[in-house]
Amino acid sequence: MGARSRTVAVLGVLAVLATPAVAGAAPDEAPVAPPQTGWPAAWAYSIEHPDAIPQGMNDFSCRPDAAHPRPVVLVNGTFENSYANWSMYSPQLKSDGYCVFGLDYGGPDGGPVHQTGDMRVSAQQVGDFVETVLAATGADRVDLIGHSQGGLVPLYYINRLGGDSTVGTMIGIAPATNGIRAYGMLNFLAEHSRAKDAVGNVIPAVDDRRRVPRSSRRPGRAG
């Protein structure tokens with residue numbers, strides 16, 4: 001996604017966060033939405049349909065086979081949701097024979113914007129979801145694919161919360177493991193404590209980007 005698209009997305013996110021969350025459907029009632037070929041269209045669709053999930057995702061009747069023995073859990077990036085992040089890739093992975101799962105973590109229930117909360121809490125939410133997937137599928141481990149914050153949060157789960165025993169392979173797509181500048185926003189916040197505190201109260205994940213312990217940034221273990 002280009003800088004302009006991200007900037008527009010951030011402005012839209014702040015507007016959404018300033019309004020009450022829309023009540024969401026129960027997980028088993030989440031509407032399956034069509035694939036998209038670009039992030040802007042997927043994100044816009046998710047704003048209008050906050051309960052949508054991608055095709056192929058969260059079929060808890062799916063059972064891994066010999067060719068694809070580990071379920072794949074897709075972990076979203078900041079200010080996103082399962083549909084916006086994975087509307088193109090989830091159906092492709094499902095078509096390739098994988099059991100595909102994903103969750104919205106670190107955000108208000110029912111709203112389209114997630115992955116904004118304390119990343120340590122988010123890591124536990126990812127871990128709880130992994131346990132749910134393992135129990136449903138009978139698999140011993142999952143493989144994780146995470147984008148942006150979704151490539152950082154699972155590392156805390158793997159390295160600090162026991163996820164090394166439940167994760168086979170962790171793949172990060174543009175992971176935030178080396179920190180981000182957020183178009184200069186984090187530099188600004190570092191120099192203005194009141195602004196940092198104000199943003200941190202609404203979007204704790206932004207403040208966490210500056211203080212996640214380095215020991216939790218180690219690459220995930222493959223098994």
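- By the criterion of side-chain heavy atoms lying less than 4.5 angstrom apart, applied directly or through intervening Ile, Leu, Val, Met, Phe, Trp or Tyr residues, Trp86 is grouped together with Met88 in one hydrophobic cluster.
- Classified by interplanar angle (parallel below 30°, tilted 30° to 60°, perpendicular above 60°), the ring pair Tyr45/Tyr83 is tilted.
- Taking NE2 of His147 as the reference point, atom CH2 of Trp39 lies at 9.0 Å (rounded to 0.5 Å).
- Placement of Leu152 and Val130 within a single hydrophobic cluster is found when ILVMFWY residues are connected by side-chain heavy-atom separations under 4.5 Å, directly or transitively.
- Here the side chains of Cys99 and Pro64 are in contact, with some heavy-atom distance below 4.5 Å.
- No continuous path of hydrophobic side-chain contacts links Tyr157 to Val121 [ILVMFWY only; heavy atoms under 4.5 Å].
- Under the 4.0 Å criterion applied to side-chain N and carboxylate O atoms, Lys94 and Asp59 are assigned as salt-bridge partners.
- Between Val100 and Pro71, the closest side-chain pair of non-hydrogen atoms is not below 4.5 Å.
- Contact annotation: the side chain of Pro35 never approaches that of Pro54 to less than 4.5 Å [non-hydrogen atoms, C-beta and beyond].
- Counted by atom type alone, Thr78 and Gln149 present one or more donor-acceptor pairs between their side chains at under 3.5 Å.
- Residues Leu74 and Asn85 fail the side-chain proximity criterion, which asks for heavy atoms closer than 4.5 Å.
- Residue Met57 holds its CE atom at 9.5 Å from OG of Ser87, rounded to the nearest 0.5 Å.
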Verdict with reasoning, Asp143 to Val73, per side-chain contact (heavy atoms from CB on, under 4.5 Å): CA-CA 6 Å; Asp143 291 334; Val73 176; over 6 Å; no
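- Other residues, nucleotides and ligands place more than 12 heavy atoms under 6.0 Å from the CZ atom of Phe129.
- Here the side chains of Arg141 and Thr166 are not in contact, with every heavy-atom distance at 4.5 Å or above.
- Ile171 and Val133 are assigned to two separate hydrophobic clusters, defined by single-linkage of ILVMFWY side chains at heavy-atom distances under 4.5 Å.
- For the residue pair Ala66 and Pro69, the shortest heavy atom distance occurs at O-CD, 3.7 Å.
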From CA spacing to verdict: side-chain contact (heavy atoms from CB on, under 4.5 Å), Arg120, Arg160: CA-CA 10 Å; Arg120 294 157 187 78; Arg160 295 296 188 87; over 6 Å; no
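- The closest side-chain donor-acceptor pair between Asp104 and Asn76 falls under 3.5 angstrom.
- Note: the hydrophobic cluster containing Val72 does not contain Met170 (ILVMFWY, side chain heavy atoms under 4.5 Å, direct or indirect links).
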Pair Leu144-Val142, side-chain contact (heavy atoms from CB on, under 4.5 Å): steps then yes or no: CA-CA 6 Å; Leu144 297 178; Val142 302; 3.9 Å; yes
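- Nearest heavy-atom pair, Glu80 versus Trp43, reported as atom, atom and distance to 0.1 Å: CA-NE1, 4.4 Å.
- Rounded to the nearest 0.5 Å, atoms OG (Ser90) and CZ (Phe101) are 10.0 Å apart.
- Donor-acceptor pairing under 3.5 Å is lacking for the side chains of Asp96 and Gln92.
- Note that CZ of Arg70 is 12.0 Å distant from OG1 of Thr137, once rounded to the nearest 0.5 Å.
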Stepwise side-chain contact (heavy atoms from CB on, under 4.5 Å) test for Val113 and Asn81: CA-CA 6 Å; Val113 176; Asn81 52 69; over 6 Å; no
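- Looking at Tyr156 and Leu161, their side chains come closer than 4.5 Å, going by heavy atoms from C-beta outward.
- Expressed to the nearest 0.5 Å, how far OG1 of Thr132 lies from CZ of Phe60 amounts to 6.5 Å.
- The main-chain N or O of Gly106 is found under 3.5 Å from a side-chain atom of Gln125 such that the two form a donor-acceptor pair.
- When all heavy atoms are compared, the tightest approach of Ala52 to Ala33 is CB-CB, 3.8 Å.
- To the nearest 0.5 angstrom, Ser46 atom OG is 9.5 Å from Gln36 atom CD.
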